[in-house]
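Note that the structure is a prediction, hence the values are computed from the model and not measured. Both counts, for ligands and for their atoms, begin at 1 and track the order of listing.
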Amino acid sequence: MNARRPADVAVIGGGIIGTATAAFLADAGVSVTLYESGPDVAAAASGRNAGQIMRPPDPVLVALYRTSVSAYRAIADATGFRLPSEPMGVMAVSADGDLVRRVAAAVATAQPDLRVEVLEPAQTIAAEPLLGPGLTAFRVPLGYPVRPADATHAFAALARARGASIVTGVRARPWIEAGVALGVEVAGERRPAAVVVVAAGFWTPGLIDSTGTWRPIRPMWGVIAELALPIAPRHVLEEVTPDAPLLLHHPLSSAEALPPATELAPGREVPDADLLFTLNPAPQPPGGPVTPTGLGGTFTANEPDPHRLSRTLVRNARPYLPWLDERQIAGVRACPRPTSFDGRPLIGRVPGIEGLVVAAGNGGWGISTGPATARMAAEATMAGHDGGVPAELLASRFGLPAADSRPAEGRSAD
Ligand SMILES: Cc1cc2nc3c(=O)[nH]c(=O)nc-3n(C[C@H](O)[C@H](O)[C@H](O)COP(=O)(O)OP(=O)(O)OC[C@H]3O[C@@H](n4cnc5c(N)ncnc54)[C@H](O)[C@@H]3O)c2cc1C
(Lines give C-alpha, C1' and ligand atoms only; values in the text may rest on other atoms or scores of the structure.)
Protein backbone atom coordinates (compact mmCIF):
# COMPACT_ATOMS: atom_id res chain seq x y z
CA MET A 1 0.00 0.00 0.00
CA ASN A 2 1.30 3.40 -0.95
CA ALA A 3 0.71 6.22 1.51
CA ARG A 4 0.14 8.67 -1.37
CA ARG A 5 -2.23 6.39 -3.23
CA PRO A 6 -5.14 8.48 -4.62
CA ALA A 7 -8.55 7.82 -3.07
CA ASP A 8 -10.44 7.98 -6.35
CA VAL A 9 -9.45 7.81 -10.02
CA ALA A 10 -11.43 8.56 -13.18
CA VAL A 11 -10.46 6.56 -16.27
CA ILE A 12 -11.55 7.85 -19.71
CA GLY A 13 -11.86 5.11 -22.33
CA GLY A 14 -13.15 1.55 -22.17
CA GLY A 15 -10.71 -0.21 -24.50
CA ILE A 16 -8.19 -2.82 -23.40
CA ILE A 17 -5.98 -0.17 -21.77
CA GLY A 18 -8.75 1.60 -19.83
CA THR A 19 -10.49 -1.56 -18.61
CA ALA A 20 -7.22 -3.22 -17.54
CA THR A 21 -6.08 -0.03 -15.79
CA ALA A 22 -9.41 0.10 -13.93
CA ALA A 23 -9.05 -3.57 -12.92
CA PHE A 24 -5.50 -3.09 -11.59
CA LEU A 25 -6.42 0.08 -9.69
CA ALA A 26 -9.53 -1.49 -8.18
CA ASP A 27 -7.49 -4.53 -7.15
CA ALA A 28 -5.25 -2.16 -5.14
CA GLY A 29 -8.28 -0.76 -3.32
CA VAL A 30 -8.64 2.47 -5.31
CA SER A 31 -12.16 3.72 -6.00
CA VAL A 32 -12.40 3.82 -9.83
CA THR A 33 -14.99 5.15 -12.26
CA LEU A 34 -14.42 4.39 -15.95
CA TYR A 35 -16.23 6.44 -18.62
CA GLU A 36 -16.78 5.00 -22.11
CA SER A 37 -18.53 6.93 -24.87
CA GLY A 38 -19.62 3.84 -26.79
CA PRO A 39 -22.67 1.76 -25.87
CA ASP A 40 -20.36 -0.82 -24.26
CA VAL A 41 -16.64 -1.29 -23.62
CA ALA A 42 -14.50 -2.42 -26.60
CA ALA A 43 -16.36 0.03 -28.85
CA ALA A 44 -13.30 0.97 -30.93
CA ALA A 45 -9.97 -0.74 -31.76
CA SER A 46 -10.26 -3.09 -28.79
CA GLY A 47 -13.37 -4.63 -30.34
CA ARG A 48 -12.50 -4.38 -34.03
CA ASN A 49 -8.95 -5.72 -34.17
CA ALA A 50 -7.59 -8.85 -35.87
CA GLY A 51 -7.63 -10.81 -32.61
CA GLN A 52 -4.03 -11.99 -32.49
CA ILE A 53 -1.99 -11.92 -29.31
CA MET A 54 1.37 -11.83 -30.99
CA ARG A 55 4.97 -11.14 -30.06
CA PRO A 56 6.07 -7.88 -31.74
CA PRO A 57 9.62 -7.64 -33.13
CA ASP A 58 10.50 -4.42 -31.25
CA PRO A 59 12.39 -5.55 -28.08
CA VAL A 60 10.75 -2.78 -26.01
CA LEU A 61 7.35 -4.12 -26.98
CA VAL A 62 8.45 -7.73 -26.43
CA ALA A 63 8.84 -6.96 -22.71
CA LEU A 64 5.28 -5.55 -22.64
CA TYR A 65 4.01 -8.58 -24.57
CA ARG A 66 5.54 -11.08 -22.11
CA THR A 67 4.05 -9.29 -19.09
CA SER A 68 0.70 -9.08 -20.89
CA VAL A 69 0.61 -12.82 -21.64
CA SER A 70 1.32 -13.50 -17.95
CA ALA A 71 -1.45 -11.07 -16.99
CA TYR A 72 -3.91 -12.84 -19.32
CA ARG A 73 -2.98 -16.22 -17.86
CA ALA A 74 -3.39 -14.81 -14.32
CA ILE A 75 -6.99 -13.71 -14.96
CA ALA A 76 -8.08 -16.94 -16.70
CA ASP A 77 -9.75 -18.58 -13.69
CA ALA A 78 -11.50 -15.41 -12.56
CA THR A 79 -12.79 -14.43 -16.03
CA GLY A 80 -12.84 -17.54 -18.22
CA PHE A 81 -10.62 -15.71 -20.74
CA ARG A 82 -8.00 -18.33 -21.63
CA LEU A 83 -5.12 -18.29 -24.08
CA PRO A 84 -4.34 -21.63 -25.70
CA SER A 85 -1.36 -23.36 -24.08
CA GLU A 86 0.59 -23.32 -27.38
CA PRO A 87 0.71 -20.61 -30.08
CA MET A 88 -1.19 -21.42 -33.27
CA GLY A 89 1.76 -20.62 -35.56
CA VAL A 90 2.20 -17.92 -38.18
CA MET A 91 2.76 -19.05 -41.75
CA ALA A 92 4.25 -16.46 -44.13
CA VAL A 93 3.71 -17.39 -47.79
CA SER A 94 4.73 -16.38 -51.30
CA ALA A 95 4.91 -17.86 -54.79
CA ASP A 96 8.54 -16.65 -54.85
CA GLY A 97 10.45 -19.42 -53.06
CA ASP A 98 13.76 -17.54 -53.12
CA LEU A 99 12.13 -14.54 -51.46
CA VAL A 100 10.63 -16.75 -48.72
CA ARG A 101 14.01 -18.38 -48.02
CA ARG A 102 15.76 -14.98 -47.92
CA VAL A 103 13.22 -13.41 -45.56
CA ALA A 104 13.12 -16.55 -43.38
CA ALA A 105 16.89 -16.33 -42.96
CA ALA A 106 16.64 -12.61 -42.09
CA VAL A 107 13.95 -13.28 -39.48
CA ALA A 108 16.02 -16.12 -37.96
CA THR A 109 19.03 -13.80 -37.69
CA ALA A 110 17.03 -10.90 -36.22
CA GLN A 111 15.15 -13.10 -33.72
CA PRO A 112 17.48 -16.00 -32.92
CA ASP A 113 15.19 -17.47 -30.24
CA LEU A 114 12.45 -18.01 -32.83
CA ARG A 115 12.25 -21.45 -34.51
CA VAL A 116 11.89 -20.67 -38.25
CA GLU A 117 10.85 -23.58 -40.46
CA VAL A 118 10.82 -23.32 -44.28
CA LEU A 119 8.13 -25.38 -46.07
CA GLU A 120 8.30 -26.31 -49.76
CA PRO A 121 5.00 -26.08 -51.75
CA ALA A 122 3.88 -29.69 -51.10
CA GLN A 123 4.60 -29.30 -47.38
CA THR A 124 2.87 -25.93 -47.30
CA ILE A 125 -0.39 -27.27 -48.70
CA ALA A 126 -0.25 -30.32 -46.41
CA ALA A 127 0.22 -28.08 -43.37
CA GLU A 128 -2.44 -25.56 -44.42
CA PRO A 129 -4.99 -27.13 -46.82
CA LEU A 130 -6.78 -23.78 -47.36
CA LEU A 131 -3.84 -22.47 -49.40
CA GLY A 132 -3.60 -22.72 -53.17
CA PRO A 133 -0.79 -24.63 -54.94
CA GLY A 134 2.73 -23.39 -55.68
CA LEU A 135 3.35 -21.45 -52.44
CA THR A 136 6.51 -21.68 -50.38
CA ALA A 137 6.18 -20.74 -46.71
CA PHE A 138 8.03 -20.27 -43.53
CA ARG A 139 6.43 -20.96 -40.20
CA VAL A 140 7.16 -19.61 -36.72
CA PRO A 141 5.55 -20.62 -33.40
CA LEU A 142 3.76 -17.34 -32.64
CA GLY A 143 0.17 -16.13 -32.29
CA TYR A 144 -2.61 -16.81 -29.79
CA PRO A 145 -5.92 -16.12 -31.58
CA VAL A 146 -8.67 -14.59 -29.44
CA ARG A 147 -12.05 -13.14 -30.34
CA PRO A 148 -11.44 -9.39 -30.87
CA ALA A 149 -13.38 -7.98 -27.89
CA ASP A 150 -12.91 -10.84 -25.41
CA ALA A 151 -9.78 -9.56 -23.63
CA THR A 152 -11.40 -6.18 -22.99
CA HIS A 153 -14.66 -7.72 -21.77
CA ALA A 154 -12.64 -9.95 -19.43
CA PHE A 155 -10.82 -6.99 -17.86
CA ALA A 156 -14.07 -5.01 -17.65
CA ALA A 157 -15.74 -7.91 -15.80
CA LEU A 158 -12.76 -8.12 -13.46
CA ALA A 159 -12.81 -4.36 -12.82
CA ARG A 160 -16.52 -4.51 -11.94
CA ALA A 161 -16.01 -7.56 -9.71
CA ARG A 162 -13.32 -5.60 -7.85
CA GLY A 163 -15.70 -2.70 -7.27
CA ALA A 164 -14.96 -0.34 -10.19
CA SER A 165 -17.89 1.47 -11.72
CA ILE A 166 -18.09 1.44 -15.56
CA VAL A 167 -20.34 4.08 -17.07
CA THR A 168 -21.04 3.62 -20.79
CA GLY A 169 -22.67 5.87 -23.38
CA VAL A 170 -21.12 9.05 -21.96
CA ARG A 171 -18.38 11.21 -23.39
CA ALA A 172 -15.99 12.48 -20.72
CA ARG A 173 -13.10 14.91 -20.82
CA PRO A 174 -10.57 15.92 -18.20
CA TRP A 175 -11.56 18.91 -16.06
CA ILE A 176 -8.35 20.94 -15.97
CA GLU A 177 -7.84 24.25 -14.21
CA ALA A 178 -4.55 26.15 -13.88
CA GLY A 179 -2.50 23.13 -14.90
CA VAL A 180 -4.23 20.74 -12.48
CA ALA A 181 -6.65 17.92 -13.41
CA LEU A 182 -9.46 18.18 -10.88
CA GLY A 183 -11.69 15.42 -12.28
CA VAL A 184 -13.79 14.90 -15.38
CA GLU A 185 -16.56 16.78 -17.15
CA VAL A 186 -19.45 14.59 -18.22
CA ALA A 187 -22.51 16.07 -19.92
CA GLY A 188 -21.77 19.51 -18.46
CA GLU A 189 -21.35 18.12 -14.95
CA ARG A 190 -18.01 18.23 -13.10
CA ARG A 191 -17.08 15.09 -11.20
CA PRO A 192 -14.00 15.45 -8.97
CA ALA A 193 -11.26 12.79 -8.96
CA ALA A 194 -7.80 12.79 -7.43
CA VAL A 195 -6.23 11.51 -10.68
CA VAL A 196 -7.57 11.27 -14.25
CA VAL A 197 -6.21 8.53 -16.53
CA VAL A 198 -6.83 9.19 -20.22
CA ALA A 199 -6.87 5.84 -22.04
CA ALA A 200 -8.98 6.93 -24.99
CA GLY A 201 -6.84 5.36 -27.73
CA PHE A 202 -6.57 7.51 -30.84
CA TRP A 203 -8.78 10.21 -29.24
CA THR A 204 -6.41 10.70 -26.28
CA PRO A 205 -4.42 13.77 -27.49
CA GLY A 206 -7.63 15.63 -28.48
CA LEU A 207 -8.92 15.25 -24.92
CA ILE A 208 -5.72 16.68 -23.45
CA ASP A 209 -4.76 19.47 -25.86
CA SER A 210 -7.49 21.27 -27.77
CA THR A 211 -5.01 23.46 -29.65
CA GLY A 212 -3.96 20.55 -31.85
CA THR A 213 -0.25 21.09 -31.22
CA TRP A 214 0.29 17.98 -29.05
CA ARG A 215 -0.60 15.12 -31.37
CA PRO A 216 1.78 12.24 -30.60
CA ILE A 217 -0.84 9.66 -31.65
CA ARG A 218 -2.16 9.42 -35.19
CA PRO A 219 -4.72 7.16 -36.83
CA MET A 220 -3.70 4.16 -38.90
CA TRP A 221 -6.97 2.81 -40.28
CA GLY A 222 -7.41 -0.90 -40.64
CA VAL A 223 -10.25 -2.70 -42.44
CA ILE A 224 -10.99 -6.36 -41.84
CA ALA A 225 -13.35 -8.42 -44.02
CA GLU A 226 -15.08 -11.01 -41.84
CA LEU A 227 -15.23 -14.31 -43.72
CA ALA A 228 -17.55 -17.25 -43.16
CA LEU A 229 -15.25 -20.09 -44.27
CA PRO A 230 -16.22 -23.75 -44.66
CA ILE A 231 -13.17 -24.85 -42.66
CA ALA A 232 -11.06 -22.89 -40.19
CA PRO A 233 -7.42 -22.04 -41.02
CA ARG A 234 -4.81 -23.89 -38.96
CA HIS A 235 -2.41 -20.92 -38.92
CA VAL A 236 -2.31 -17.16 -38.93
CA LEU A 237 -1.41 -16.45 -42.56
CA GLU A 238 0.33 -13.51 -44.14
CA GLU A 239 2.11 -12.73 -47.38
CA VAL A 240 5.87 -12.31 -47.55
CA THR A 241 6.80 -8.99 -49.09
CA PRO A 242 10.26 -8.02 -50.38
CA ASP A 243 10.76 -5.86 -47.26
CA ALA A 244 9.63 -8.39 -44.69
CA PRO A 245 6.50 -10.20 -43.57
CA LEU A 246 3.89 -8.13 -41.79
CA LEU A 247 3.66 -9.65 -38.36
CA LEU A 248 7.30 -10.53 -37.88
CA HIS A 249 9.06 -7.37 -38.86
CA HIS A 250 6.43 -4.76 -39.29
CA PRO A 251 7.41 -1.10 -39.62
CA LEU A 252 4.64 -0.19 -37.17
CA SER A 253 6.81 -1.56 -34.40
CA SER A 254 10.11 -0.09 -35.49
CA ALA A 255 11.99 1.97 -32.97
CA GLU A 256 12.58 4.53 -35.70
CA ALA A 257 10.10 7.22 -36.69
CA LEU A 258 7.30 5.61 -38.64
CA PRO A 259 6.66 6.54 -42.26
CA PRO A 260 3.36 8.36 -42.86
CA ALA A 261 0.44 6.16 -43.86
CA THR A 262 -1.21 6.58 -47.25
CA GLU A 263 -3.58 9.57 -47.27
CA LEU A 264 -6.64 8.68 -49.36
CA ALA A 265 -8.40 11.33 -51.43
CA PRO A 266 -12.21 11.12 -51.11
CA GLY A 267 -13.57 8.19 -53.12
CA ARG A 268 -10.09 6.83 -53.93
CA GLU A 269 -9.25 3.14 -53.53
CA VAL A 270 -6.34 1.96 -51.39
CA PRO A 271 -3.50 1.29 -53.89
CA ASP A 272 -2.86 -2.45 -54.35
CA ALA A 273 0.73 -1.96 -53.24
CA ASP A 274 -0.56 -0.87 -49.81
CA LEU A 275 -2.65 -4.00 -49.27
CA LEU A 276 -1.15 -6.87 -47.35
CA PHE A 277 -2.74 -10.31 -47.32
CA THR A 278 -3.30 -11.49 -43.74
CA LEU A 279 -5.75 -14.14 -42.54
CA ASN A 280 -6.56 -14.17 -38.85
CA PRO A 281 -8.40 -17.20 -37.51
CA ALA A 282 -10.52 -16.84 -34.40
CA PRO A 283 -10.99 -19.49 -31.73
CA GLN A 284 -14.28 -21.35 -31.96
CA PRO A 285 -15.48 -22.15 -28.44
CA PRO A 286 -17.67 -25.29 -28.46
CA GLY A 287 -21.37 -24.50 -28.56
CA GLY A 288 -20.85 -20.74 -29.08
CA PRO A 289 -21.72 -18.72 -32.19
CA VAL A 290 -19.23 -19.16 -35.06
CA THR A 291 -16.62 -16.38 -35.06
CA PRO A 292 -15.64 -15.35 -38.59
CA THR A 293 -12.08 -15.40 -39.88
CA GLY A 294 -10.59 -11.92 -40.36
CA LEU A 295 -9.08 -11.00 -43.73
CA GLY A 296 -6.80 -7.94 -43.77
CA GLY A 297 -4.89 -5.81 -43.85
CA THR A 298 -4.81 -2.13 -44.63
CA PHE A 299 -2.94 0.86 -43.16
CA THR A 300 -4.27 4.26 -44.22
CA ALA A 301 -4.18 7.68 -42.59
CA ASN A 302 -7.89 8.30 -43.13
CA GLU A 303 -10.95 6.11 -43.29
CA PRO A 304 -11.42 4.18 -46.53
CA ASP A 305 -14.80 2.87 -47.71
CA PRO A 306 -14.81 -0.36 -45.70
CA HIS A 307 -17.39 -2.24 -47.78
CA ARG A 308 -15.69 -1.53 -51.10
CA LEU A 309 -12.32 -2.30 -49.54
CA SER A 310 -13.51 -5.65 -48.19
CA ARG A 311 -14.15 -6.77 -51.79
CA THR A 312 -10.68 -5.53 -52.80
CA LEU A 313 -9.20 -7.55 -49.92
CA VAL A 314 -10.87 -10.69 -51.31
CA ARG A 315 -9.39 -10.01 -54.77
CA ASN A 316 -5.97 -9.37 -53.21
CA ALA A 317 -6.16 -12.70 -51.33
CA ARG A 318 -6.78 -14.88 -54.42
CA PRO A 319 -3.08 -15.62 -55.17
CA TYR A 320 -3.13 -17.42 -51.79
CA LEU A 321 -6.77 -18.54 -51.46
CA PRO A 322 -7.85 -19.03 -55.12
CA TRP A 323 -11.31 -20.34 -54.16
CA LEU A 324 -12.20 -17.21 -52.13
CA ASP A 325 -15.45 -15.54 -53.18
CA GLU A 326 -17.02 -12.21 -52.27
CA ARG A 327 -20.09 -14.11 -51.15
CA GLN A 328 -18.05 -15.43 -48.21
CA ILE A 329 -17.87 -11.90 -46.75
CA ALA A 330 -20.12 -12.07 -43.69
CA GLY A 331 -19.29 -8.61 -42.35
CA VAL A 332 -16.67 -5.92 -42.18
CA ARG A 333 -15.07 -3.94 -39.38
CA ALA A 334 -12.87 -0.85 -39.51
CA CYS A 335 -11.08 1.29 -36.95
CA PRO A 336 -8.01 3.48 -36.50
CA ARG A 337 -5.06 1.89 -34.73
CA PRO A 338 -3.92 4.50 -32.13
CA THR A 339 -0.34 4.79 -33.41
CA SER A 340 2.40 6.85 -31.81
CA PHE A 341 5.23 8.27 -33.90
CA ASP A 342 7.71 5.61 -32.75
CA GLY A 343 5.18 2.76 -32.54
CA ARG A 344 5.42 2.51 -28.73
CA PRO A 345 2.76 3.47 -26.18
CA LEU A 346 2.82 6.66 -24.09
CA ILE A 347 2.56 5.86 -20.39
CA GLY A 348 2.59 8.09 -17.32
CA ARG A 349 2.23 11.68 -16.24
CA VAL A 350 1.38 14.33 -18.78
CA PRO A 351 4.03 17.02 -18.35
CA GLY A 352 2.66 20.36 -17.21
CA ILE A 353 -0.69 18.98 -16.00
CA GLU A 354 -0.75 17.72 -12.43
CA GLY A 355 -2.94 14.70 -11.72
CA LEU A 356 -3.23 13.63 -15.36
CA VAL A 357 -1.91 10.26 -16.54
CA VAL A 358 -1.97 8.98 -20.11
CA ALA A 359 -1.93 5.38 -21.36
CA ALA A 360 -2.41 5.08 -25.12
CA GLY A 361 -0.66 4.76 -28.48
CA ASN A 362 -0.19 0.97 -28.73
CA GLY A 363 -0.72 1.01 -32.51
CA GLY A 364 -1.27 -2.42 -34.03
CA TRP A 365 -0.13 -4.27 -30.91
CA GLY A 366 -2.52 -3.12 -28.16
CA ILE A 367 -4.21 -6.46 -27.45
CA SER A 368 -0.76 -8.06 -27.21
CA THR A 369 0.79 -5.33 -25.03
CA GLY A 370 -2.24 -3.66 -23.37
CA PRO A 371 -2.32 -5.31 -19.94
CA ALA A 372 1.37 -4.46 -19.31
CA THR A 373 0.75 -0.88 -20.47
CA ALA A 374 -2.21 -0.66 -18.10
CA ARG A 375 -0.25 -2.10 -15.18
CA MET A 376 2.46 0.57 -15.60
CA ALA A 377 -0.19 3.29 -15.85
CA ALA A 378 -1.93 2.01 -12.70
CA GLU A 379 1.38 1.90 -10.83
CA ALA A 380 2.30 5.44 -11.94
CA THR A 381 -1.17 6.58 -10.85
CA MET A 382 -0.78 5.05 -7.41
CA ALA A 383 2.83 6.06 -6.88
CA GLY A 384 2.33 9.66 -7.99
CA HIS A 385 5.44 9.42 -10.19
CA ASP A 386 6.68 7.64 -13.32
CA GLY A 387 9.59 5.81 -11.64
CA GLY A 388 8.42 2.41 -12.92
CA VAL A 389 7.99 3.45 -16.56
CA PRO A 390 10.98 2.90 -18.91
CA ALA A 391 12.25 6.14 -20.50
CA GLU A 392 11.35 4.93 -24.01
CA LEU A 393 7.67 4.68 -23.00
CA LEU A 394 7.24 7.90 -21.01
CA ALA A 395 4.45 10.16 -22.24
CA SER A 396 6.83 13.10 -21.83
CA ARG A 397 9.08 11.96 -24.71
CA PHE A 398 6.80 13.78 -27.15
CA GLY A 399 7.00 17.12 -25.36
CA LEU A 400 4.39 19.16 -23.56
CA PRO A 401 0.76 19.82 -24.44
CA ALA A 402 -0.03 23.51 -24.98
CA ALA A 403 0.00 25.34 -21.63
CA ASP A 404 -3.48 26.78 -22.00
CA SER A 405 -4.95 23.46 -23.03
CA ARG A 406 -8.68 23.24 -22.88
CA PRO A 407 -9.68 19.73 -23.82
CA ALA A 408 -11.68 19.64 -27.03
CA GLU A 409 -14.73 17.58 -27.82
CA GLY A 410 -12.49 14.91 -29.34
CA ARG A 411 -14.14 12.84 -32.00
CA SER A 412 -15.43 9.75 -30.28
CA ALA A 413 -15.97 6.23 -31.36
CA ASP A 414 -19.68 6.04 -30.83
C1 LIG B 1 -7.85 -3.38 -37.82
C2 LIG B 1 -7.05 -3.55 -36.56
C3 LIG B 1 -6.41 -4.76 -36.32
C4 LIG B 1 -5.67 -4.94 -35.13
N5 LIG B 1 -5.14 -6.16 -34.85
C6 LIG B 1 -4.47 -6.37 -33.69
C7 LIG B 1 -3.99 -7.64 -33.35
O8 LIG B 1 -4.21 -8.63 -34.04
N9 LIG B 1 -3.27 -7.78 -32.20
C10 LIG B 1 -3.04 -6.72 -31.37
O11 LIG B 1 -2.36 -6.89 -30.37
N12 LIG B 1 -3.53 -5.49 -31.65
C13 LIG B 1 -4.25 -5.29 -32.78
N14 LIG B 1 -4.74 -4.06 -33.09
C15 LIG B 1 -4.42 -2.95 -32.20
C16 LIG B 1 -5.31 -2.90 -30.98
O17 LIG B 1 -6.65 -3.15 -31.33
C18 LIG B 1 -5.19 -1.51 -30.32
O19 LIG B 1 -3.83 -1.17 -30.12
C20 LIG B 1 -5.88 -1.48 -28.96
O21 LIG B 1 -7.18 -2.01 -29.05
C22 LIG B 1 -5.93 -0.05 -28.43
O23 LIG B 1 -6.59 -0.07 -27.20
P24 LIG B 1 -6.94 1.28 -26.46
O25 LIG B 1 -7.64 0.92 -25.22
O26 LIG B 1 -5.71 2.13 -26.37
O27 LIG B 1 -7.88 2.09 -27.47
P28 LIG B 1 -9.37 1.82 -27.99
O29 LIG B 1 -9.69 0.38 -28.07
O30 LIG B 1 -9.53 2.64 -29.20
O31 LIG B 1 -10.25 2.39 -26.79
C32 LIG B 1 -10.41 3.75 -26.54
C33 LIG B 1 -11.83 3.92 -26.05
O34 LIG B 1 -12.02 5.28 -25.64
C35 LIG B 1 -13.33 5.64 -25.96
N36 LIG B 1 -13.41 7.09 -25.97
C37 LIG B 1 -12.88 7.95 -26.88
N38 LIG B 1 -13.15 9.24 -26.52
C39 LIG B 1 -13.86 9.16 -25.35
C40 LIG B 1 -14.43 10.13 -24.48
N41 LIG B 1 -14.33 11.45 -24.71
N42 LIG B 1 -15.10 9.70 -23.37
C43 LIG B 1 -15.23 8.38 -23.09
N44 LIG B 1 -14.71 7.42 -23.90
C45 LIG B 1 -14.02 7.81 -25.01
C46 LIG B 1 -13.58 4.98 -27.31
O47 LIG B 1 -14.96 4.83 -27.56
C48 LIG B 1 -12.86 3.65 -27.13
O49 LIG B 1 -13.73 2.61 -26.70
C50 LIG B 1 -5.52 -3.85 -34.22
C51 LIG B 1 -6.18 -2.65 -34.46
C52 LIG B 1 -6.96 -2.50 -35.61
C53 LIG B 1 -7.71 -1.22 -35.83
Which is closest to [atom] in terms of heavy atoms, [options]?
atom	options	result
atom 5 (N) of ligand 1	Ser37, Ala149, Gly366, Ala50	Ala50
atom 28 (P) of ligand 1	Pro338, Ser46, Gly13	Ser46
atom 4 (C) of ligand 1	Thr19, Val11, Thr168, Asn49	Asn49
atom 9 (N) of ligand 1	Arg55, Gln52, Glu185	Gln52
atom 53 (C) of ligand 1	Gly296, Gly364, Cys335, Ala199	Cys335

- request: Would you mind checking if Arg344 and Asp342 are paired as a salt bridge, meaning a charged N to carboxylate O distance below 4.0 Å?
  value: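 No, this pair does not count.
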Glu185 with Arg173: basic N within carboxylate O range, under 4.0 Å: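 Arg173 and Glu185: salt-bridged.
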field: Glu354, CD atom: more than 12 neighbouring heavy atoms under 6.0 Å
entry: no
query: Would you find more than 12 non-hydrogen atoms of other residues, nucleotides or ligands less than 6.0 Å from Glu86 atom CD?
result: no
Ligand 1-proximal atoms of [X], by part, heavy-atom distance under 4.0 Å:
X	answer
Ile16	both
Ala360	neither
Thr369	neither
Ile224	side chain

Those atoms of ligand 1 less than 4.0 Å from some heavy atom in [X]:
X	answer
Gly51	8 (O)
Ser368	9 (N), 10 (C), 11 (O)
Val170	42 (N), 43 (C)
Gly222	1 (C)
Ile12	40 (C), 42 (N), 43 (C)
Ala172	40 (C), 41 (N), 42 (N), 43 (C)

Expected output: side-chain [X] to main-chain [Y] donor-acceptor under 3.5 Å:
X	Y	value
Trp214	Gly399	yes
Trp175	Glu189	no
Arg215	Asp209	yes

query: Is the closest heavy-atom distance from Phe202 to ligand 1 below 4.0 Å?
result: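 Under 4.0 Å: no for Phe202.
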task: Using the test ring pair (Phe, Tyr, Trp, His ring centres under 6.0 Å), find all partners of Phe81 that sit at least two apart in sequence or belong to another chain.
output: Tyr72
Donor-acceptor contacts under 3.5 Å from residues 373-380 side chains, at least two apart:
residue: Thr373; atom: OG1; partner: Asn362; partner atom: ND2; Å: 3.0
residue: Thr373; atom: OG1; partner: Thr369; partner atom: O; Å: 2.8

